[in-house]
Amino acid sequence: MTRAPPEGGPVERRLYGDLPLVDAADAAAGIAADATVLTSGFGSVGYPKAVPLALAEDDRDLELTVVHSGNVGEEIDVDLVESGAIARRFSYQFSSSARAASNRREIAFSDRDASSLGDEVQYGGLVDPDVAVVEAVAVGEGWFVPSTSLGQVPAFVDAADELVVELNRTQPLELQALHDVYRPGKPPDREPIPLTDPGERIGTNHVSFDPGKLVGVVETDIADSTYTFRDPTDDDLAIATNLGSFLAAEMERSPVFDDAIHLQFGVGSLGNALMGELKELDFGGRDVVYFGELIQDGLLDMLDAGRLECASATSMALTEAGQERLFADVERYAEEVVLRPADVANHPGLIDQFGVVGVNSAIEFDIYGNVNSTHVGGTRMINGVGGSADFNRNSLVTVCALPSSLKGGDVSRVVPMTFHVDHTEHDVDVFVTEQGVADVRGLSPVERAELIIENCAHPSFADDLWAYLDDVREQDSHVPHDVERAAAWQ
């Protein structure tokens with residue numbers, strides 16, 4: 001029988017009960033050479049470290065299928081990848097090693113939306129799970145307390161035949177105060193998620209499992225990889241100013257925002273900079289609420305400045321300094337921060353319910369409003385799509401924000417046609433660059449193109465984009481294109 005943590009107070013010890021303690025090498029040796037391994041980890045934190053490192057050093061000819069619901073750290077994304085042990089992988093990658101192996105097709109990589117991965121693993125036949133390897137700060141008979149992220153861990157643990165728990169002693173026990181673990185029911189009898197406010201708690205601080213699944217607990221003290229965010233550039237600051245102006249006008253325009261505004265930002269240096277800058281925006285007395293998938297340093301800044309009512313996410317995707325700030329005062333942050341499973345944090349119905357304004361970046365977008373978040377030149381993968389699809393499709397207002405050029409102005413990020421589309425013109429409402437804002441809601445394709453070129457394109461490329469549009473719009477086509485000419489921009 002699954003047992004809950006001790007009632008009447010917080011978890012005060014790392015280990016509860018007579019659990020099987022094993023070292024990482026023995027745990028790795030117990031994983032079949034062709035196993036499907038589900039791991040924790042989201043936003044490069046909260047992932048297992050010791051067992052992946054042991055698998056990377058395993059002298060067997062491994063052909064693992066590895067599934068995780070978000071970005072993981074170097075122990076998986078570099079060491080395990082470079083060992084050649086991974087044959088197939090879902091659903092996100094970011095490191096140069098993983099990128100190169102996927103582009104060489106040495107790893108069969110399949111990308112998925114963050115919100116649906118748990119259901120696809122548990123019910124959809126995406127994989128046949130063998131073992132889940134997860135990180136925790138405390139573990140007992142039939143339960144464990146996650147560390148700095150949740151992702152799809154509850155679904156993975158339910159789906160796997162076996163479970164290995166890495167008990168990480170560098171992660172503070174106080175992290176238990178952040179977690180709100182709620183499990184959606186099984187389709188077709190699944191009930192609506194009973195969350196009425198992003199700051200509400202509807203679950204537990206732990207993940208439950210069948211005690212018979214536990215094959216071992218591995219003790220470790222390896223820290224998270226954490227993030228590195230660059231300092232905001234002048235373009236970042238200009239984008240933040242333009243986004244702030246758009247949000248101010250939108251709050252005045254729509255009655256949805258009379259009392260509160262719910263925001264989401266994609267992970268990355270630009271998103272972090274935007275959050276940091278928006279703490280200075282006048283929200284006119286409205287509550288500012290974050291409902292997204294990742295909490296970055298910029299959100300801690302907003303919380304510390306008293307500019308944020310609460311923050312709901314699935315991961316604390318922080319820099320080393322940000323993680324130190326969190327760990328030094330977890331219980332205070334837990335008054336305003338909630339970590340949920342990704343099938344709740346990224347749930348389409350909740351994104352819609354809260355009227356979220358979703359702000360995500362990309363590699364490029366085209367003049368008709370199609371967005372490419374993952375591939376260069378339509379062929380070379382850079383990273384996975386993550387949760388941007390969940391928020392781009394389901395937010396009340398969807399914003400794509402990015403600089404209009406890169407490589408010192410040599411490459412335009414506004415192109416005639418993007419040759420890989422992650423988010424269609426139906427998914428994105430507003431485009432923001434350092435040049436300005438293009439609100440394309442309700443416009444025809446050519447009207448969208450005119451506004452995007454006028455307001456968002458870099459001056460070095462605007463004339464060429466106008467020339468392209470002027471030539472192709474002579475066609476009798478709803479979305480006019482010269483594909484060969486557009487390909488020259490890639």
Exercise for the section: Give a yes or no on whether a salt bridge exists between E252 and R286, defined as a side-chain N under 4.0 angstrom from a carboxylate O. Expected result: yes
Practice task
Decide whether E82 and S97 meet the rule of one side-chain donor and one side-chain acceptor closer than 3.5 Å.
Solution key: yes
Practice task
Determine whether the side chains of H420 and T374 contain a donor N or O and an acceptor N or O closer than 3.5 Å.
Solution key: yes
Practice task
Establish, from distance only, whether the side-chain atoms of Y182 and T204 form a donor-acceptor pair under 3.5 Å.
Solution key: no
Practice task
For the residue pair T398 and N392, confirm or rule out a side-chain donor-acceptor distance under 3.5 Å.
Solution key: no
Handout entry: E74, CD: over 12 other non-hydrogen atoms inside 6.0 angstrom
Key = no
Problem - Min side-chain heavy-atom separation E364-Q490 under 4.5 Å - result: yes
Problem - Check: V134 and P146 side chains under 4.5 Å, non-hydrogen atoms - result: no
Practice task
Could you tell me whether R307 and D301 make a salt bridge, using a distance below 4.0 angstrom between a side-chain N and a carboxylate O?
Solution key: no
Practice task
Kindly indicate whether the side chain of L350, heavy atoms from C-beta on, has any atom under 4.5 Å from the side chain of Q353.
Solution key: yes
Exercise for the section: Please examine the side chains of R448 and E425, heavy atoms only from C-beta on, and report whether any two atoms are closer than 4.5 Å. Expected result: yes
Handout entry: Between S115 and D390: side-chain donor-acceptor atoms closer than 3.5 Å
Key = yes
Exercise for the section: Would you please say whether a donor-acceptor pair under 3.5 Å links the side chains of H423 and S373? Expected result: yes
Problem - Within-4.5 Å side-chain heavy-atom neighbours: L318 and L326 - result: yes
Exercise for the section: Flag yes if more than 12 heavy atoms outside E320 fall under 6.0 Å of its CD atom; otherwise flag no. Expected result: no
Practice task
Would you tell me whether S116 and D113 have side-chain atoms, one donor and one acceptor, within less than 3.5 Å of each other?
Solution key: no
Problem - Side chains of Y333 and D304, donor plus acceptor under 3.5 Å - result: yes
Practice task
Could you verify whether a donor N or O on one side chain and an acceptor N or O on the other, from Q435 and N455, lie under 3.5 Å apart?
Solution key: no
Practice task
State, with a plain yes or no, whether a side-chain heavy atom of L126 is found less than 4.5 Å away from one of L117.
Solution key: yes
Exercise for the section: For D470, look at atom CG and say whether over 12 heavy atoms of other residues, nucleotides or ligands are found less than 6.0 Å away. Expected result: yes
Practice task
Mark yes when over 12 heavy atoms from residues, nucleotides or ligands other than R88 sit less than 6.0 Å from its CZ; otherwise mark no.
Solution key: no
Handout entry: Heavy-atom neighbours of R105 CZ exceed 12 at 6.0 Å
Key = no
Exercise for the section: Would you kindly say whether H426 and T424 are connected by a side-chain donor-acceptor distance under 3.5 Å? Expected result: no
Practice task
Taking the six-membered ring for Trp and the single ring otherwise, decide whether the centroids of Y368 and H481 are under 6.0 Å apart.
Solution key: yes
Problem - Neighbour count above 12 (heavy atom, 6.0 Å) for F94 CZ - result: no
Exercise for the section: Please say which of R183, K186, R190, R112 ends up in a salt bridge (Lys or Arg N to Asp or Glu O under 4.0 Å) with D119. Expected result: R190
